Amino acid sequence: MTTVESPPTAQPIWRPPAGALWSGRWVDGASAMPVRDPEDGSLLGHVTDTSPAEVDQAVAGVAAAGTSGEEWPAWRRREALDAAARLVLRRREVLTEVMSREGCKTVREATAEVSRAAETLRLSAQQTGRLTGETLPFSDTSRGAGRLGWYTREPVGVVAAITPFNDPLNLVAHKVGPALAAGNGVVLKPAEATPLTALAFAEVLLDAGVPAERLAVVPGTGAGTGRALVGHPLVDLVSFTGGFRTGNEVARAAGAKKTLMELGGNNAVLVLDDAAREAAAHAVVAGAFGVAGQNCLSVQRVFVSSRIADRFIRDVVTATEALRVGRKADSRTDIGPLISEREADRVQEWVREAREGGAELRTGGQREGAFHWPTVLTGVPADAKVMTEEIFGPVLVIEPFETVDEAITRANDTRYGLQAGIFTAALETALDVAERLRVGAVMINESSDFRIDAMPFGGPKRSGVGREGVRYAVEAMTEPKIVAVRRSA
């Protein structure tokens, strides 16, 4: 693996018109917070650290636009979102640079995310034509005599969207796109580490024709801005992506209102003895170490048949050691930094804990600043954090198994249930395993790290509440409204 090279002097980065967006205009709030490149700590700019009073202004403005503002019919929503999808692609260079500079994605990863965000907006635009209802079966009961009725799907009102740092463009699109398609207003609080990407995306939406009054972006801290936003009485639905503990705090602050939460995973992959071993190894490495493991779908635990375990581990170690760790801006880089040096230090501490408990380090393990080298462990104690918690870093655990039943039991032995993968040539076995894994999605002959943006996305247990995915988010962000008519006698 290549050693991290010294970064060049930081060059200017795109700057937003102001540090926040609310009440239909770009504004600088009373307080500001810095935005830094996690690779070298260089200052990229400042955004507003939105106060609770300013959050109140933002929410009130969006709510007023929905109740008394200019009508924004479905066909106009569709046109604006389609235009935004095209404009995202035209501004690929700027969006890629902003995303990579302030976040943890390599330039290759950021470039790919721009395409996904455009796709998410396109899918959102399509949903505006599918906001249909049904007639109601009043004739099924004697009490319905002389009546007819139907229901339509109406926007919930104001959606509070709270997004993470690891996919700072597409996960914003995944919340804002469906919310706008459904006819809602949106108040977005982006991750503290990646607010510039969200502001650049907001500029795209406004230039594409989204009414400024229906969208607000309020950067700031979770404890200040986030708490004020989710607890605001005019917010009708909270859509949150982040960790389980923060999700609990969001739920407490939100109170009795609708929530959509994607709270992460501790994803397992099962490799059976009849699997295409080398292909499985390469898929596991790609799924474990993309975005330096900072992905809720990352492969964290692999259970491999003991009959092929030694060869599979060698394949994984070889593929891992071929990865290049380096500067995000270098197109040859495979592994960039974690989002902060503190997070890299935490990952290193979890690896140390596992090794002290008897785990064997097969490759990696070292840290330099915010960089942590991709790491493969075997013989990990069952109670080690790298086995039981979501590590959100470039660490992969591989353990052999004797029977498929054992592998399923161990894969399910987690408080998370987002996605899983299985590699096998036997379709019947794959389908049986898929049925018995308690997760939201099972990928057959794929790692857990696979998703298309039209999928219902989420999982049971600690992995969340409800489902994302454009169609399913639009459904959650609307409510049925019944109209019943009593005909004259």
Side-chain angles (χ1 to χ4, degrees), residues 1-8 37-40 92-93 95-116 165-170 193-194 197 267 269 278-302 312-341 343-344 347-348 351 361-377 386 391-398 421 446-451:
M1 290 179 285
T2 305
T3 302
V4 180
E5 300 171 2
S6 298
D37 187 333
E39 185 174 294
D40 58 11
R92 181 190 298 274
E93 187 174 339
L95 291 168
T96 296
E97 181 195 20
V98 173
M99 198 185 333
S100 185
R101 289 284 296 279
E102 72 172 348
C104 51
K105 291 205 162 184
T106 67
V107 68
R108 283 191 285 125
E109 292 166 336
T111 300
E113 186 170 340
V114 172
S115 297
R116 282 192 65 183
F165 68 82
N166 57 315
D167 286 314
L169 183 65
N170 192 43
T194 54
T197 303
N267 306 300
V269 169
E278 291 185 4
H282 283 279
V284 162
V285 169
F289 301 128
V291 201
Q294 298 163 110
N295 177 5
C296 59
L297 294 179
S298 288
V299 181
Q300 185 168 330
R301 299 171 297 142
V302 176
F312 178 81
I313 291 168
R314 283 198 300 271
D315 292 341
V316 168
V317 169
T318 299
T320 300
E321 291 180 343
L323 297 173
R324 180 185 177 94
V325 178
R327 291 176 43 241
K328 294 176 292 180
D330 189 334
S331 62
R332 299 168 297 172
T333 295
D334 300 301
I335 309 292
L338 275 74
I339 196 61
S340 68
E341 186 169 347
E343 282 298 292
V347 170
Q348 187 178 47
V351 170
L361 178 68
R362 297 299 187 118
T363 190
Q366 67 266 45
R367 179 178 74 83
E368 182 179 323
F371 291 83
H372 193 288
W373 267 247
T375 299
V376 178
L377 299 171
V386 295
I391 191 165
F392 225 65
V395 178
L396 177 65
V397 174
I398 305 178
E446 288 268 12
S447 82
S448 61
D449 184 29
F450 177 79
R451 172 187 180 185

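Not measured: the values here are computed from a predicted model.
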Quick check against the 3.5 Å criterion: does [X] have a side-chain atom that pairs as donor or acceptor with the backbone of [Y]?
{"X": "Gln300", "Y": "Val386", "answer": "yes"}
{"X": "Arg367", "Y": "Gly369", "answer": "yes"}
{"X": "Glu343", "Y": "Ser340", "answer": "no"}
{"X": "Glu102", "Y": "Thr197", "answer": "yes"}
{"X": "Ser447", "Y": "Val284", "answer": "no"}

Specify the closest pair of heavy atoms between [X] and [Y], including all atoms of both residues, with the distance to one decimal.
{"X": "Ala292", "Y": "Pro337", "answer": "CB-O, 4.1 Å"}
{"X": "Val347", "Y": "Pro394", "answer": "CG1-CD, 4.4 Å"}
{"X": "Gly336", "Y": "Thr106", "answer": "N-CG2, 3.9 Å"}
{"X": "Phe392", "Y": "Cys296", "answer": "CE1-N, 3.7 Å"}
{"X": "Pro374", "Y": "Val325", "answer": "CD-CG2, 3.8 Å"}

Distance from [X] atom [atom1] to [Y] atom [atom2], nearest 0.5 Å?
{"X": "Glu39", "Y": "Ser100", "atom1": "CD", "atom2": "OG", "result": "8.0 Å"}
{"X": "Leu323", "Y": "Ile335", "atom1": "CG", "atom2": "CD1", "result": "5.0 Å"}
{"X": "Gln348", "Y": "Glu368", "atom1": "CD", "atom2": "CD", "result": "11.5 Å"}

Is any side-chain heavy atom of [Y] closer than 4.5 Å to one of [X]?
{"X": "Cys104", "Y": "Val291", "answer": "yes"}
{"X": "Gln366", "Y": "Phe371", "answer": "no"}
{"X": "Glu113", "Y": "Pro168", "answer": "yes"}
{"X": "Arg108", "Y": "Asp334", "answer": "yes"}
{"X": "Thr333", "Y": "Lys328", "answer": "no"}
{"X": "Thr96", "Y": "Val107", "answer": "yes"}
{"X": "Ser298", "Y": "Leu396", "answer": "no"}
{"X": "Thr111", "Y": "Arg92", "answer": "yes"}

>> Walk me through whether Val316 and Val285 qualify under side-chain contact (heavy atoms from CB on, under 4.5 Å).
In response: CA-CA 6 Å; Val316 168; Val285 169; 3.8 Å; yes
> Which residue, Lys105, Arg116, Arg451, forms the salt bridge (Lys or Arg N to Asp or Glu O under 4.0 Å) with Asp167?
Replying inline: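 By the salt bridge (Lys or Arg N to Asp or Glu O under 4.0 Å) criterion, Asp167 pairs with just one of Lys105, Arg116, Arg451: Lys105.
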>> Please evaluate residues Arg362 and Thr320 with respect to the criterion side-chain contact (heavy atoms from CB on, under 4.5 Å), reporting the C-alpha separation (whole Å), side-chain torsions for both, the decisive distance (0.1 Å), and the verdict.
In response: CA-CA 10 Å; Arg362 297 299 187 118; Thr320 300; over 6 Å; no
> Among Val376, Asp449, Thr375, which residue meets the side chain to side chain contact (heavy atoms under 4.5 Å, CB included) test with Phe289?
Replying inline: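 Output: one option passes, namely Val376.
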> Can you check side-chain contact (heavy atoms from CB on, under 4.5 Å) on Gln294 and Leu338, steps first, answer last?
Replying inline: CA-CA 7 Å; Gln294 298 163 110; Leu338 275 74; 3.5 Å; yes
> Could you go step by step and tell me if Leu361 and Leu377 meet the side-chain contact (heavy atoms from CB on, under 4.5 Å) rule?
Replying inline: CA-CA 5 Å; Leu361 178 68; Leu377 299 171; 3.8 Å; yes
